[in-house]
There are 2 protein chains.
Amino acid sequence: MAGDKDDEIEIPAGRPTINDIARMAEVSKKTVSRVLNKSPFVSADTRAKVEEIIGRTGYSPDPQARGLAFRRSFLVGIIFDNPNPQYVVNMQQGILDGLRGSGYELVIHPCDRRSRSYLTDVRHFVERQKLYGVVMPPSISEDEQLARLLEELKCSYIRIASVPLDRPERMIVSHDRRGGEAAARHLIELGHRRIGFISGPSTFRSSHERRAGLEDGLAAAGLSLSPDHIAEGAYTFDSGVACGTALLSRAERPTAVFCANDEMAAGLLQAARRAGLRVPQDLSVVGFDDFQVATQVWPTLTTLHTPTRDIGRLAALKLFALSDEAEEPEIDEESLVMRLVVRESTGPAPT
Amino acid sequence: MAGDKDDEIEIPAGRPTINDIARMAEVSKKTVSRVLNKSPFVSADTRAKVEEIIGRTGYSPDPQARGLAFRRSFLVGIIFDNPNPQYVVNMQQGILDGLRGSGYELVIHPCDRRSRSYLTDVRHFVERQKLYGVVMPPSISEDEQLARLLEELKCSYIRIASVPLDRPERMIVSHDRRGGEAAARHLIELGHRRIGFISGPSTFRSSHERRAGLEDGLAAAGLSLSPDHIAEGAYTFDSGVACGTALLSRAERPTAVFCANDEMAAGLLQAARRAGLRVPQDLSVVGFDDFQVATQVWPTLTTLHTPTRDIGRLAALKLFALSDEAEEPEIDEESLVMRLVVRESTGPAPT
DNA sequence: ACAGTAGTGGAAACCGGTGTCATATGCAAA
DNA sequence: TTTGCATATGACACCGGTTTCCACTACTGT
């Protein structure tokens, strides 16, 4: 028993490791590991002692070493191709909300679905980093090839889309269709009968759903969407200008137009101004998203508020639920409802 | 020598490890490691053989194991508190441009400087992940406490700001002042003499610099900025409306106003409309940033284009240069110049 | 009193890389 | 021929965790 004068508990110099904690608590590192991983086979006394020391030293296990042993990382990825900066930032914030306090971090991976190497890039990204999971917002979420790739790589994922695409535990379905219906009801209540629609790109389901909702609402009032009053845009401001110009030059132009997003609605306002139409006296406009642009144009846009950040948070929580690390979060469906925000761009139909 | 029938080269089942490569190349794992790390002490033959096998198997080393041995990670962080989504997304894209092909990934960490735990949060983030480096755009880049914290944690960082803050190798200085001067020259050439300014929050250096540039330009023409024609905004649309309303109600109102960003310029347009002023006939407006909003308002904004994405790319490259992993990138100063984009919101001064 | 069993803790191997150090080889100089 | 040095390679420990396996308690039931 030489050198047992040194059984004083020393605080190590740098960041403590599991060995330091074990030494200070006078247990084996395995026992510390059991405490860290909440194993039931640790006596209350031992657990308390170890936890006290962990708290006092501020120890937290090294994610790399942990990950190496677990054969996975503590990183969550977001793979996206959505062109709207505000959508992206809100979604990132939401995911981080859900990750907070878990020790997981968020790694971003924007991509271009048209790129030849897109799937290979994603494969390298997920495989190399051994991601814990990924979140995919639209429209990348609708890519079945990508979903199959992640399946093959055994990487958990959550898809956010406006229609159910696969197993519900891996999906968050946004209520775009009901949003479109709310827009329709609002315009119909204001007396509009000739209601037009500017869609997003045909590759976006959200645009289809928003249109389907509009048609639901119209049908309920005995109305329908005339092919003459539909234009296909690209979710961009410029496409909104172009589609708006086209719609407003129709012989029987609509008295109200529902746009599949705010950017295009802003473009439509521009087109209306150029055509000498006053909004909302001559033309009512409804947007979708309730992003900043909705309050920065004139007149301000009546639009549907999308709870992007809430959806992001939910996505992170669902990811944890997938691997039994947490309970399936109670989905507060009400918080995901898209609410109509009435501003200046809608008014009674011209007589 | 029992079992030497098995010296056939087998392709391993899952992802290959360094051991698999070593076995297939009939060298030690250490030699493979040397090839990976470009050690000069490997013969050309051996190197070629190992590289051939690496290429054929698609092997790439595990960043976690590598990081564990190196005592650092292959993650770059971006710490930001900038409220503009488009700035954030452009910056992220730029950093990713610079990281592409390097094997590094980008981890995001938005934060709120007013939060009590902000510095602690950053410390945990950087320390736990053992980040290779971080990029800090304004205004978080101006926080000296944060810089000292990173110094203490021995974490490389690049600060992006409109004035030099510390050692140049850790800074990217944006040319906000010259941008402000260009705005001034433009307005002066159009005949404006009473030129106003809407600033950002006083905590943003960029706003000071943009104003200083404006004053440079005015001084060169023998003009100056009247205190009556200055209002302090908050870089937000609403503050632009408020400041605009204030400035336009002055007895001698300015005939042109330079806004420290586009959002506020959009707000000013709104205020002008409410005040019954036509832009640009009665009032010229110059913004700053050239973000999407600049082309989505009416009239479209004359503004200064900021090369956010290029700056982000440069930041990533500089990070590598800090640790001799790469040459100091040749800073193409010309690509960082902020160019005036003339659109509809500026015109000759009213006579 | 004597096994049988569940609860608890430790030693050693392992995850996939890198660092240190020793050794083997080739070639020029003594 | 021997020495000396630089280059090329490998053995082994190590980074900081987890898992496997085993030993040692302290209870039970008979």
Side-chain angles (χ1 to χ4, degrees), chain A residues 12-51 53-54 57-75 103-104 127-130 132 323 325, chain B residues 12-51 53-54 57-75 103-104 127-130 132 323 325:
Chain A
R15 280 193 86 205
T17 73
I18 197 171
N19 291 306
D20 300 318
I21 303 300
R23 195 171 337 105
M24 293 169 78
E26 299 175 289
V27 296
S28 74
K29 60 194 283 196
K30 173 65 215 186
T31 299
V32 179
S33 174
R34 282 200 182 95
V35 172
L36 288 175
N37 293 289
K38 311 204 187 315
S39 155
F41 302 113
V42 180
S43 71
D45 282 1
T46 308
R47 181 184 305 279
K49 185 167 60 178
V50 172
E51 278 174 345
I53 297 201
I54 288 178
T57 55
Y59 166 77
S60 89
D62 181 333
Q64 295 196 321
R66 215 142 182 262
L68 187 56
F70 276 138
R71 290 174 187 72
R72 68 174 181 84
S73 77
F74 293 84
L75 299 174
Y104 285 77
E127 208 169 27
R128 278 181 48 105
Q129 302 299 324
K130 293 184 295 197
Y132 171 70
S323 43
E325 288 195 24
Chain B
R15 278 193 88 203
T17 73
I18 199 172
N19 291 304
D20 299 319
I21 303 300
R23 195 168 339 105
M24 292 167 77
E26 299 174 290
V27 296
S28 75
K29 61 195 281 195
K30 180 66 217 188
T31 298
V32 178
S33 172
R34 285 198 181 93
V35 171
L36 289 176
N37 292 288
K38 311 203 187 313
S39 155
F41 301 111
V42 180
S43 71
D45 282 2
T46 309
R47 181 184 304 280
K49 186 166 59 176
V50 171
E51 276 175 345
I53 296 199
I54 288 177
T57 55
Y59 166 77
S60 87
D62 181 334
Q64 296 197 319
R66 213 138 183 264
L68 186 56
F70 276 137
R71 288 173 188 72
R72 68 174 183 83
S73 75
F74 293 84
L75 299 174
Y104 285 76
E127 207 169 27
R128 279 180 47 103
Q129 302 300 324
K130 293 185 294 199
Y132 171 70
S323 44
E325 288 195 20

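So you know, we letter chains A, B, ... as the sequences are listed, proteins then strands, and number each from 1.
Per the geometry, CG belonging to B:Asp62 stands 10 Å off P belonging to C:dT18, to the nearest Å. Distance CZ (B:Arg15) to C1' (C:dG16): 11 Å, rounded to an integer number of Å. When the P atom of C:dG16 is taken as reference, atom CD of A:Glu127 falls 13 Å away, rounded to whole Å. As rounded to whole Å, 9 Å separates atom C1' of C:dG17 from atom CG of B:Asn19. Protein atom CG of A:Leu68 is 12 Å distant from nucleotide atom C1' of C:dT18, rounded to whole Å. We find that CD1 of A:Ile18 is positioned 15 Å from C1' of C:dC15, with the value rounded to whole Å.
How far OG1 of A:Thr57 is from CZ of A:Arg15: 10.0 Å, rounded to the nearest 0.5 Å. With values rounded to the nearest 0.5 angstrom, A:Phe41 atom CZ is found 11.0 Å from A:Lys30 atom NZ. Rounded to the nearest 0.5 Å, atoms CD (B:Glu51) and CD1 (B:Ile53) are 11.5 Å apart.
Counting only residues at least two apart or on different chains, no salt bridge (charged side-chain N to carboxylate O under 4.0 Å, His left out) pair has a member in residues 38-50 of chain B.
Contact footprint of chain B on DNA chain D: nucleotides with an atom under 4.0 Å from a non-hydrogen protein atom, first to last in 5' to 3' order, D:dA8 to D:dG16.
With sequence neighbours left out, A:Leu75 forms a side-chain contact (heavy atoms from CB on, under 4.5 Å) with A:Ser73, A:Glu105, A:Val107, A:Gln129, A:Leu131, B:Leu75, B:Gln129. Under the rule for a side chain to side chain donor-acceptor pair (under 3.5 Å), the partners of B:Thr31 that lie at least two apart in sequence or sit in another chain are B:Ser28. When the side chain to side chain donor-acceptor pair (under 3.5 Å) test is applied to B:Arg34, no partner is found at least two apart in sequence or on another chain. Among residues two or more places apart in sequence or in another chain, the salt bridge (charged side-chain N to carboxylate O under 4.0 Å, His left out) test is passed with A:Lys29 by none. Judged as a side chain to side chain donor-acceptor pair (under 3.5 Å), and not counting sequence neighbours, A:Ser39 has no contacts. For A:Phe74, the ring-ring contact (aromatic ring centres under 6.0 Å, His included) partners at least two apart in sequence or on another chain are A:Tyr104.
With the 3.5 Å cutoff on both pairing distances, Watson-Crick and G-U pairs in DNA chain C assemble into runs of at least 3 at C:1-30 with D:1-30.
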Legend entry - Stepwise side chain to side chain contact (heavy atoms under 4.5 Å, CB included) check, A:Arg66 with A:Asn37: CA-CA 11 Å; A:Arg66 215 142 182 262; A:Asn37 293 289; 3.1 Å; yes
Inset, instruction - Could you check B:Lys130 against A:Asp62 for salt bridge (Lys or Arg N to Asp or Glu O under 4.0 Å), going step by step and ending with a plain yes or no? - result: CA-CA 9 Å; B:Lys130 293 185 294 199; A:Asp62 181 333; 2.5 Å; yes
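Listed by residue number, B:Val27, B:Ser28, B:Lys30, B:Thr31, B:Arg34 are the residues of residues 27-34 of chain B with a heavy-atom contact under 4.0 Å to DNA chain D. Across residues 37-46 of chain A, A:Asn37 each have a non-hydrogen atom less than 4.0 Å from an atom of DNA chain D (numbered order).
Between B:Val50 and B:Tyr59 there is no side-chain heavy-atom pair separated by less than 4.5 Å.
Nearer to the 5' terminus of DNA chain D, by closest-nucleotide assignment, is the contact made by B:Arg47 (compared with the other of A:Arg66 and B:Arg47).
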